[in-house]
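Only heavy atoms go into these numbers, but all of them, side chains included; no hydrogens, no water, no symmetry mates. Keep in mind the model is a prediction, meaning the values are calculated, not measured. Per chain, numbering begins at 1; letters A, B, ... match sequence-line order.
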Amino acid sequence: MNLFADIRSLVLTSLEAMVAEGLLPAGLETANVAVEPPRDALHGDMATNAAMVLAKPAGKKPRDIADALVVKLAADPRVAVAEVAGPGFINMRLEGDVWGALVQAVLKADSFGTSTMGGGKKVNVEYVSANPTGPMHVGHTRGAVFGDALASLLDFAGYDVTREYYINDGGAQVDVLARSAFERYREANGLSPELAEGLYPGDYLVPVGEALKEKYGDSLLDQPEEVWLQDVRLFATEAMMDMIRADLKSLGVEMDSFFSEKSLYDTGLIEAAIGELKDKGLIYRGTLEPPKGKLPEDWEPREQTLFRSTAHGDDVDRPIQKSDGAWTYFAPDIAYHYNKVKRGFDEIIDIFGADHGGYVKRMKAAVSALSDGKVACDIKLIQLVKLIKDGQEMKMSKRAGTFVTLRDVVEEVGADVTRFVMLTRKNDAPLDFDFDKVMEQSKDNPVFYVQYAHARVQSVLRKAHDAGVTLTDVANLTDDAEITLARKLADWPRQVEIAAKGHEPHRIAFYLYELASDFHALWNKGNDKPQLRFLQDDLAASSAKIALPRAVAVVISAGLGILGVTPANEMR
RNA sequence: GCACCCAUAGCUCAGCUGGAUAGAGCGCUGCCCUCCGAAGGCAGAGGCCGCAGGUUCGAAUCCUGCUGGGUGCACCA
């Protein structure tokens, strides 16, 4: 049940009736007709902008359309009052029994809020994709949480979602990893490691070195790099991926698919992808203009193989081959997205760190070119996380040893808190992560505030159960606080669709906060008005009263589920 | 020099893709526990929505130009 969608249908059929009666011209575009909660609850339960949106195309005054529409709307049994307000808004107040029916619908279907807007369309959400060269740090954490929540949200909204991790195991940095691991291998064999400048110094490679010794004994020690590099690289990247997978799991993130960059080289997919672009006339030999302003020291005009990304919205064409003929980093990225297109995804979503903002246009251009504009490609940039402890910003520095890993954060504050807090900000806004505040158990902390609401409901339900109360029918909701809460519940399916459409999971977190707030308000009102308490002396009255808090728990639970946060049953 | 992102209450941030008198939390002021969990709630004060134009019935929201901050800018993945 989606009350807003239902009432919107009512508005549309009423408009059709007006067309039939000759009050409106036929063929009006109604896509922009919206039914939403009015800004001020005093205006009613729902408002529509239909008259204002249609005024111009219909060649009529908003007021005239509204006056006629109001009559039709008011005739519906669900609508108690419909009236014109302001410049042409139509405010509606719904009949009281609508809210009881809504609560009932929430409790009946465990799918309340799910949507069919996705229509089963295949979406690929690629996130994390951290280089397999070390443990995940906090920067990756936010991207992981965001991508995971977005994937869940889209799933909830009816899309067929694939969660994917792109393993950068094809480039120079995994060679560096291999050399670093080899030094640890030497160390395991009793030699002192020579961690030259540029190698990874982290001691997370120590166990990898030991495992290498386990496998190879001392047989590699005197061998030249050509002999061992490939094997050690494979061994080390697999060890790193095991570690990353474990890190992700501790956060509650599980991927459907891991895609190896290396596999692109092995299968000739890069050539295939570039060939595809060549067939479209988008590959050519040419020389790029030097960048304006600051000129790199060693800049010189150079003829390169270029992708005509400007034909698909990029600012300049991009090189895909180095002067020695090897592929640039961009080529495998193109091939990877070619592969996504070929796998039949209708929509591709990439989650990048904000420092990769410069690649957005070229990636979109590549997808557009490879799919002839048929596959939508959205790229979400994740801003930095500023860690704060004891009121001080923690500067991350590998050298100073103040490198904070995902594991550190999860172990200190827990996965639930980490996830929720990281979703209380838009992806493109920087986030302050204050260790002291997120641990605080007060309404300062949105996680606990929402959890607390859920725990309160569970507390009531436990007490009700002990008293022998069972859910029967749903009491009429009459008090303002009750109706405000029911109205917020009715808004849930709508919020899901808005959030899914905009790829904005943070909306779910904000919605839950508001829902919890409305619930706490009603709860507290029970202090002054005993008749508002969910547990009454009369068993039958209690049975009907507990429907509303149960419905609240259903929605909080579903919402937290999307965010990947466990709803708490008690918080003592 | 160019591109992208950001600018809203003292602070941290929302703002439903163009709608009504711009919201919440913190902080500040004053209230509410013989009462289902006060880890809560209610009320008040606090705003040229960075600046200047434009689009139209209507702009925090869309367009242009500025100002200030972040990020990135040819073979590095």
Side-chain angles (χ1 to χ4, degrees), chain A residues 32 34 36-40 43 47 49 52-53 55-56 61-62 85-89 91 131 168 170-174 261 287-294 296 298-302 304 306 314-316 318-319 321-330 332-333 353-361 381 383-384 424-426 428-430 432 434 437 440-446 448-449 451-453 455-456 459-460 463-464 491 494-495 497-499 501-502 506-507 510-511 513-514 517 520-530 532-536 542 545-546 549 570-572:
Chain A
N32 288 330
E36 19 188 54
R39 188 177 292 267
D40 189 335
H43 293 138
N49 59 356
M52 283 182 292
V53 171
K56 187 178 252 182
K61 288 181 184 163
F89 276 99
N91 293 322
N131 288 341
N168 289 105
Q173 79 277 22
V174 282
E261 175 192 356
T287 307
L288 290 174
E289 292 285 310
K292 297 231 160 53
K294 76 150 201 232
D298 56 348
W299 196 90
E300 57 184 57
R302 202 178 275 127
Q304 295 165 306
L306 302 167
D314 202 358
D315 303 313
V316 288
R318 306 291 177 176
Q321 267 181 326
K322 303 180 198 174
S323 40
D324 66 0
W327 299 115
T328 65
Y329 64 90
F330 188 36
D333 282 344
D355 54 341
H356 287 64
Y359 308 121
V360 170
K361 282 191 181 179
L381 298 178
Q383 269 294 347
L384 297 178
T424 52
R425 210 105 304 174
K426 284 183 299 196
D428 49 12
D432 285 354
D434 187 323
K437 275 193 184 151
E440 203 171 304
Q441 305 201 356
S442 72
K443 67 173 190 164
D444 256 41
N445 185 346
F448 282 91
Y449 188 73
Q451 293 274 34
Y452 183 39
R456 270 182 158 174
S459 172
V460 167
K463 283 204 162 59
D491 201 31
R494 194 173 145 270
Q495 290 296 338
E497 293 194 351
I498 291 167
K501 189 180 288 183
H506 75 276
R507 288 185 188 279
F510 279 94
Y511 169 83
Y513 184 85
E514 288 168 14
S517 176
H520 288 308
L522 171 60
W523 179 287
N524 216 257
K525 215 169 170 185
N527 288 344
D528 298 329
K529 292 188 176 179
L532 289 181
R533 295 176 199 166
F534 305 126
L535 297 180
Q536 303 284 324
S542 298
K545 281 277 187 195
I546 60 170
E570 56 179 352
M571 313 188 61
R572 291 179 194 284

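Among the atoms of the strands shown, base atoms are found under 4.0 Å from some heavy atom of A/Tyr359. Residue A/Ala455 is classed as a base contact, given a heavy-atom separation below 4.0 Å to a base. Within the 4.0 angstrom heavy-atom criterion, no nucleotide atom of any strand lies near A/Ala464. Within the 4.0 angstrom heavy-atom criterion, no nucleotide atom of any strand lies near A/Glu497. Backbone-only contact: A/Ser442 has heavy atoms under 4.0 Å from sugar-phosphate atoms and none from a base. Using a 4.0 Å heavy-atom cutoff across all strands shown, A/Ala354 reaches sugar-phosphate atoms only and no base atom. Counting non-hydrogen atoms under 4.0 angstrom, A/Lys61 reaches nothing in the nucleic acid. Residue contacts for A/Asn91: at a heavy-atom cut-off of 4.0 Å it reaches a base atom on one of the strands shown.
Contact annotation: A/Trp327 side-chain N/O to B/C75 OP1/OP2 distance is not under 4.0 Å. Contact annotation: A/Arg318 does not reach the phosphate of B/C75 (side-chain N/O to OP1 or OP2, under 4.0 Å). Taking 4.0 angstrom as the limit, A/Lys361 places none of its side-chain polar atoms (N or O) nearer than this to OP1 or OP2 of B/A3. The shortest distance between the side-chain N/O atoms of A/Thr328 and the OP1/OP2 oxygens of B/C75 is not below 4.0 Å. Between A/Lys322 and B/C76 there is a side-chain N or O to OP1 or OP2 distance below 4.0 Å.
Without hydrogens or angle criteria, A/Asn49 side chain to A/Ala34 main chain gives a donor-acceptor distance under 3.5 Å. Under the 3.5 Å distance criterion, the side-chain polar atoms of A/Glu261 are matched with a main-chain donor or acceptor of A/Gly170. The closest donor-acceptor contact from the side chain of A/Gln536 to the backbone of A/Pro530 lies under 3.5 Å. Checking side-chain atoms of A/His520 against main-chain N and O of A/Tyr452 turns up no donor-acceptor pair under 3.5 Å.
Taking 4.5 Å as the limit, some side-chain heavy atom of A/Tyr449 sits within range of a side-chain heavy atom of A/Ser517. The closest side-chain heavy-atom distance from A/Tyr359 to A/Phe330 is not below 4.5 Å. Residues A/Arg494 and A/Pro37 are in side-chain contact: their nearest non-hydrogen atoms beyond the backbone lie under 4.5 Å apart. Residues A/Pro301 and A/Trp299 form a side-chain contact, since some pair of their non-hydrogen atoms from C-beta on lies under 4.5 Å apart. Using a 4.5 Å cut-off on side-chain heavy atoms (C-beta onward), A/Asn168 and A/Asn131 make contact.
For B/U61, there is no paired base (Watson-Crick or G-U wobble, both distances below 3.5 Å). Of all nucleotides present, only B/C13 satisfies the Watson-Crick or G-U wobble test against B/G23, with each distance under 3.5 Å. Pairing for B/C28 is with B/G44, a Watson-Crick or G-U wobble pair whose two hydrogen-bonding atom distances lie under 3.5 Å. For B/U67, the paired nucleotide is B/A7, the pair qualifying as Watson-Crick or G-U wobble because both relevant distances are below 3.5 Å. Pairing of B/G1, defined by two Watson-Crick or G-U wobble distances under 3.5 Å, is identified with B/C73. Nucleotide B/C36 is matched to nothing when pairs are restricted to Watson-Crick or G-U wobble geometry with both distances under 3.5 angstrom.
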Taking protein heavy atoms under 4.0 Å as touching, what does nucleotides 13-18 of chain B look like 5' to 3' if B marks base contact, S marks sugar-phosphate-only contact and - marks none?
SSSBB-
Nucleic acid footprint by protein, nucleotides 27-32 of chain B - heavy-atom cut-off 4.0 Å, B for base, S for sugar-phosphate alone
------
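B/C75 sits 24 Å from B/C4 when the C1' atoms are compared, rounded to a whole Å. Nucleotides B/A43 and B/A7 place their C1' atoms 32 Å apart, quoted to the nearest Å. With P as the reference atom, B/G40 and B/G25 are 12 Å apart, rounded to whole Å. Using P as the reference atom, B/G47 and B/C11 are 12 Å apart when rounded to the nearest Å. Between B/U61 and B/U21, the two P atoms lie 16 Å apart (nearest whole Å). Taking the C1' atoms as reference points, B/U67 lies 14 Å from B/C6, given to the whole Å. Atom name C1', nucleotides B/C42 and B/C51: the rounded distance is 39 Å, in whole Å.
Between A/Glu300 and A/Gly170, the residue whose closest nucleotide on RNA chain B is further toward the 5' end is A/Glu300. Nucleotides of RNA chain B nearest to A/Pro301 and A/Met52 differ in position, and the one nearer the 5' end is that of A/Met52.
Between A/His520 atom NE2 and B/A24 atom P there is a gap of 16 Å when expressed in whole angstrom units. We find that CG of A/Asp355 is positioned 13 Å from C1' of B/C73, with the value rounded to whole Å. Between the NZ atom of A/Lys56 and the P atom of B/U56 there is a distance of 7 Å, rounded to whole Å. Remark: C1' of B/A7 and CD of A/Gln383 are 13 Å apart, rounded to the nearest angstrom. Here the P atom of nucleotide B/A39 and the CZ atom of A/Phe448 are 14 Å apart, to the nearest Å. Whole-Å rounding puts the A/Leu522 CG to B/G37 P distance at 14 Å. Distance, A/Gln451 CD to B/G37 P: 18 Å, rounded to whole Å. Look at CG on A/Asp434: it is 13 Å from C1' on B/C11, rounded to the nearest Å.
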Test A/Trp523 against A/Val460 for side chain to side chain contact (heavy atoms under 4.5 Å, CB included), laying out the working first.
CA-CA 11 Å; A/Trp523 179 287; A/Val460 167; 3.5 Å; yes
Could you please spell out the steps behind the side chain to side chain contact (heavy atoms under 4.5 Å, CB included) verdict for A/Asn527 and A/Leu532?
CA-CA 8 Å; A/Asn527 288 344; A/Leu532 289 181; over 6 Å; no
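Distance check: A/Gln304 CD to A/Arg318 CZ gives 11.5 Å after rounding to the nearest 0.5 Å. Summarising the geometry, atom CG belonging to A/Asp491 is positioned 7.0 Å from atom CD1 belonging to A/Ile498; distances are rounded to the nearest 0.5 Å.
Closest contact between the side chain of A/Arg302 and the listed nucleotides B/C75, B/G41, B/A20 involves B/C75. Closest to the side chain of A/Arg456, from the set B/C36, B/A77, B/G37, is B/G37. Nearest to the side-chain atoms of A/Ala521 among the listed nucleotides B/A24, B/G41, B/A74 stands B/G41.
By the stacking rule of 5.5 Å between ring centres and under 30° between planes, A/His43 stacks on the base of B/A20.
Nucleotide B/U34 carries an anti base; the chi torsion (O4'-C1'-N9-C4 or O4'-C1'-N1-C2) is more than 90° from 0.
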